[in-house]
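FYI, the numbering just counts along the sequence from 1.
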Amino acid sequence: MFRSDPVSTSSPSRGARWIPPATASRSSRTGRRIAVDVVLGGLALPLIGFAVADLINPDWSPVETMISHYVHAPHGGWLVPLGTLSMAVASGTLTWLAAAHTRGGRAGLALLGVWSTCLVVAGVFPADPPGRWDQPPTIAGTLHGIAALLAFTALPVAAAVLSRAWRRDPRWRPVTGGLAVTAVSSVVTCALFMITFFDVMGGPSLAVGVWSTVTGLAERVMVWAYVGWLAVAAGGLRRITREG
């Protein structure tokens, strides 16, 4: 007749640290909330950096000049890649966190990953200097341009797909209205930017007042719309992790 060992069935193995389930769950939720706060901070930093770059280069027009071209500006050019990489890290972290709280919408998560990855490429490889649309691009400029266009296209589609998927999930209900509004804003502003972008590539014809093009302004409005959707999504995740 065999007798079971009460120690082996009721106690953790020797040398292992046993954490009560409630404590482990509380610690996990705290870690996720901190990660969401990091996401929100990582989204705010680029907006601040890009605005500072505009302010300290008064001879450059933010209405006509795209954000990425400011890497060649006389002052604060480093703010552009720093801001881009910060947004990439924030977006990647958001994608990772959202995956655990998304039922369906996997295509949206994949596109959010594409957005994050392309931001890394766009941050590492600088754009060519402004005013060189009629010249062959450099290798770095080509990689930057392709990555930026892929990123700008992927985010609004991801926003639309995920907003739709999260609308059916009760956990996301408090932020579904904000997600819908910002998703529509991202689609509309992306379309407007693409119109101005392809116009300036062929020689700007959509002049507004004293500005030969409004590509820079269109891009900035689009980026704000994108960050708005990402921030609402991060806020929804923070609420979900707080409520367990």
Side-chain angles (χ1 to χ4, degrees), residues 19-47 84-123 147-191 193-194 221-244:
I19 302 176
T23 302
S25 177
R26 191 181 308 115
S27 175
S28 178
R29 287 198 302 271
T30 300
R32 287 195 294 269
R33 284 199 297 271
I34 293 174
V36 172
D37 290 340
V38 170
V39 170
L40 291 170
L43 294 175
L45 181 61
L47 299 182
T84 304
L85 293 174
S86 172
M87 192 176 297
V89 172
S91 299
T93 304
L94 176 65
T95 306
W96 170 65
L97 292 170
H101 302 285
T102 301
R103 300 167 183 168
R106 295 295 169 179
L109 289 174
L111 287 170
L112 202 56
V114 171
W115 152 262
S116 306
T117 303
C118 288
L119 284 181
V120 173
V121 177
L149 285 177
L150 285 175
F152 290 157
T153 305
L155 194 280
V157 180
V161 172
L162 288 172
S163 296
R164 180 181 176 85
W166 291 338
R167 186 176 60 193
R168 299 190 294 265
D169 191 331
R171 298 173 299 173
W172 289 90
R173 191 165 296 151
V175 297
T176 52
L179 287 170
V181 171
T182 50
V184 170
S185 298
S186 68
V187 173
V188 172
T189 55
C190 176
F193 167 73
M194 290 298 179
V221 173
M222 178 186 66
V223 169
W224 274 87
Y226 285 12
V227 171
W229 183 85
L230 293 166
V232 173
L237 279 172
R238 201 178 200 290
R239 178 185 291 270
I240 291 172
T241 55
R242 184 174 66 244
E243 295 176 354

Trace of the side-chain contact (heavy atoms from CB on, under 4.5 Å) decision for Met194 with Met222: CA-CA 10 Å; Met194 290 298 179; Met222 178 186 66; 5.9 Å; no
Side-chain H-bond candidate by donor/acceptor type, Ser186 with Trp229, under 3.5 Å: no
Trp115/Leu94 under side-chain contact (heavy atoms from CB on, under 4.5 Å): CA gap, chis, key distance, verdict: CA-CA 11 Å; Trp115 152 262; Leu94 176 65; over 6 Å; no
Intermediate values then yes/no, side-chain contact (heavy atoms from CB on, under 4.5 Å), Val227 and Met87: CA-CA 9 Å; Val227 171; Met87 192 176 297; 3.7 Å; yes
Step-by-step side-chain contact (heavy atoms from CB on, under 4.5 Å) determination, Asp169 to His101: CA-CA 9 Å; Asp169 191 331; His101 302 285; 6.0 Å; no
Shortest non-hydrogen contact between Leu111 and Ala158, atoms and distance: CB-CB, 3.7 Å
Short side-chain to backbone donor-acceptor contact, Thr84 and Gly123, under 3.5 Å: no
Arg164 CZ: over 12 foreign heavy atoms closer than 6.0 Å: no
Contact summary for Ala183 and Ser163, nearest pair of heavy atoms: CB-OG, 3.7 Å
Atom pair OG (Ser116) and CG (Leu85), whose distance is rounded to the nearest 0.5 Å: 12.0 Å
4.5 Å side-chain heavy-atom contact, Thr189 and Val223: no
Minimum heavy-atom distance between Ala35 and Thr93, given as atom pair plus value: O-CG2, 4.2 Å
For Ser91 against Leu119, the heavy-atom pair lying closest together: OG-CD1, 4.3 Å
Parallel, tilted or perpendicular, as decided by the 30° and 60° cut-offs, for the rings of Trp172 and Trp166: parallel
Arg171 to Ala100 - nearest heavy-atom pair and separation: NH1-O, 4.4 Å
Nearest heavy atoms of Ala99 and Leu109, plus distance in Å: CA-CD1, 3.8 Å
Member of Thr153, Leu155, Leu150 meeting the side-chain contact (heavy atoms from CB on, under 4.5 Å) criterion with Cys118: Leu150
Test applied, side-chain contact (heavy atoms from CB on, under 4.5 Å); reference residue, Thr102; option that passes from Leu97, Leu162, Leu112: Leu162
Main-chain N/O of Gly42 paired to Ser86 side chain as donor or acceptor, under 3.5 Å: yes
Flag, side chain of Thr176 to backbone of Arg173, donor-acceptor distance under 3.5 Å: yes
Gap separating the CZ atom of Arg238 from the CD1 atom of Ile34, nearest 0.5 angstrom: 9.5 Å
Side chain Tyr226, main chain Cys190, donor-acceptor under 3.5 Å: no
